[in-house]
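The structure presented is a predicted model; accordingly, all values stated were derived computationally and were not measured. Just follow the structure's listing: the first ligand is 1, and inside any ligand the first atom is 1.
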Amino acid sequence: MSALTSVNHITVIGSGTMGSQIGMVAALSGFETTIIDIAEDALQRAREQLESRMARDVEKGRRTQSEVDEAFTRLDFSTDRDAVVAGTDFVIEAAVEDLSIKRKLFAALDQIAPPHAILATNSSNIVSSRIADATSRPEKVCNMHFFNPVLVMKAVEVVAHPGTSQDTVAITAALAEAMGKQVIHVHKEIPGFVANRLLAALRKEALQLYSDGVVSFEDIDIAAKSALGHPMGPFELMDLVGIDVAYMIRLAEYEQTGDPESLPNPELKKLYDAGRFGRKSGQGWYTYASAT
Ligand code: 3HC
């Protein structure tokens with residue numbers, strides 16, 4: 001735990017599905033935390049969703065009211081990125097999966113953050129060596145990859161690029177553990193890392209079986225659950241993770257591999273183009289009573 005003495009305040013960039021829950025877990029784990037977004041309404045939505053998740057956890061006896069109240073006193077929401085980052089110890093970026101946006105963002109964070117601060121990205125597909133050289137502290141840049149829903153899933157992949165220091169890896173892994181997570185150390189940069197590559201193989205086959213007309217997507221989900229014991233089928237999981245996220249992950253991989261096999265399946269593209277982003281938009285593969 002000594003590796004962590006330098007971390008008191010955590011900044012999470014992005015208040016989407018991942019960023020908001022990463023921030024909540026950090027605050028629940030005792031860290032002063034600020035979630036940053038460009039838009040007030042996005043922050044407001046994140047706050048409301050977290051409040052209702054926490055209320056449900058208290059109602060179900062999973063957490064106590066005082067634990068939750070204390071966590072909310074440690075959790076801030078802000079649009080004033082620069083003021084927050086100037087006083088932070090650790091940044092977890094959970095913004096959009098777009099390389100040029102991330103590079104610009106990291107260059108800006110590097111200008112503002114204190115010299116000791118680590119700049120980690122939650123990206124599942126963009127390896128940190130592609131971002132680190134936009135900063136003057138490449139040794140303090142790495143991937144710290146959480147899984148959706150972050151409040152529930154125990155894994156965090158910690159991925160160093162060749163220039164990441166051992167200290168950065170140690171602090172990032174210690175932070176993940178302090179957040180109650182189990183660390184998977186990935187030794188080589190590879191788009192998708194480990195868990196997502198396993199998932200991508202399944203998802204790819206599922207989309208192919210569906211687009212070939214072999215079987216409905218609903219029945220593929222049933223097969224994954226009732227024949228393989230998965231907690232969710234691949235289509236339900238795409239809706240949970242976000243159709244936009246699943247789509248952007250494919251594009252980011254294609255951008256790195258140049259292999260047409262990496263491109264999104266046309267059926268996935270159809271949903272993306274129609275703005276059917278999954279649970280968060282109320283419609284994806286399935287239709288939901290309300291957006292969550
Ligand atoms: N956010 C927070 N907590 C959630 C949640 C969410 N979106 N969905 C469910 N939960 C929690 C709640 O505590 C819920 O209890 P509640 O309904 O009483 O509030 C509890 O989980 C159980 O939920 P459900 O009864 O609805 O459903 P399940 O028992 O099936 O559990 C699940 C839900 C934990 C999401 C489970 O289905 C699961 O493990 N699914 C697989 C998830 C997975 O594979 N994640 C990895 C995705 S890949 C990824 O994230 C990589 C990234 O790069 C994109």
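- In this structure Glu255 satisfies the side-chain hydrogen bond (donor to acceptor under 3.5 Å, both in side chains) test together with Arg130, sequence neighbours excluded.
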Filter the ligand 1-protein atom pairs down to N or O on both sides and distance under 3.5 Å, then list them.
from: ligand 1; atom 1: 1 (N); to: Gln21; atom 2: NE2; distance (Å): 2.9
from: ligand 1; atom 1: 1 (N); to: Arg53; atom 2: NE; distance (Å): 3.2
from: ligand 1; atom 1: 13 (O); to: Arg62; atom 2: NH1; distance (Å): 3.1
from: ligand 1; atom 1: 15 (O); to: Arg62; atom 2: NH2; distance (Å): 2.9
from: ligand 1; atom 1: 17 (O); to: Arg56; atom 2: NH2; distance (Å): 3.4
from: ligand 1; atom 1: 18 (O); to: Arg56; atom 2: NE; distance (Å): 3.1
from: ligand 1; atom 1: 18 (O); to: Arg56; atom 2: NH2; distance (Å): 3.0
from: ligand 1; atom 1: 18 (O); to: Lys60; atom 2: NZ; distance (Å): 2.9
from: ligand 1; atom 1: 18 (O); to: Arg62; atom 2: NH2; distance (Å): 2.9
from: ligand 1; atom 1: 19 (O); to: Arg56; atom 2: NE; distance (Å): 2.7
from: ligand 1; atom 1: 45 (N); to: Asn148; atom 2: O; distance (Å): 2.8
from: ligand 1; atom 1: 50 (O); to: Asn148; atom 2: N; distance (Å): 2.8
from: ligand 1; atom 1: 53 (O); to: Ser124; atom 2: OG; distance (Å): 3.3
from: ligand 1; atom 1: 53 (O); to: His145; atom 2: NE2; distance (Å): 2.7
from: ligand 1; atom 1: 53 (O); to: Asn196; atom 2: ND2; distance (Å): 3.1

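- Among residues two or more places apart in sequence or in another chain, the ring-ring contact (aromatic ring centres under 6.0 Å, His included) test is passed with Tyr286 by Phe217.
- Hydrophobic side-chain contacts under 4.5 Å tie Ile249 into a cluster, directly or through other members, with Leu199, Met232, Leu237, Leu240, Val241, Val245.
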Under the criterion side chain to side chain donor-acceptor pair (under 3.5 Å), I'd like the reasoning laid out for Thr88 against His9: C-alpha separation, chi angles, the key distance, then a yes or no. CA-CA 5 Å; Thr88 203; His9 181 271; 2.7 Å; yes
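- The two residues Tyr210 and Ser216 make their nearest non-hydrogen contact at CD1-C, 4.2 Å.
- Ion pair Lys269/Asp273 flagged as a salt bridge, since at least one NZ, NE, NH1 or NH2 atom sits closer than 4.0 Å to an Asp/Glu carboxylate oxygen.
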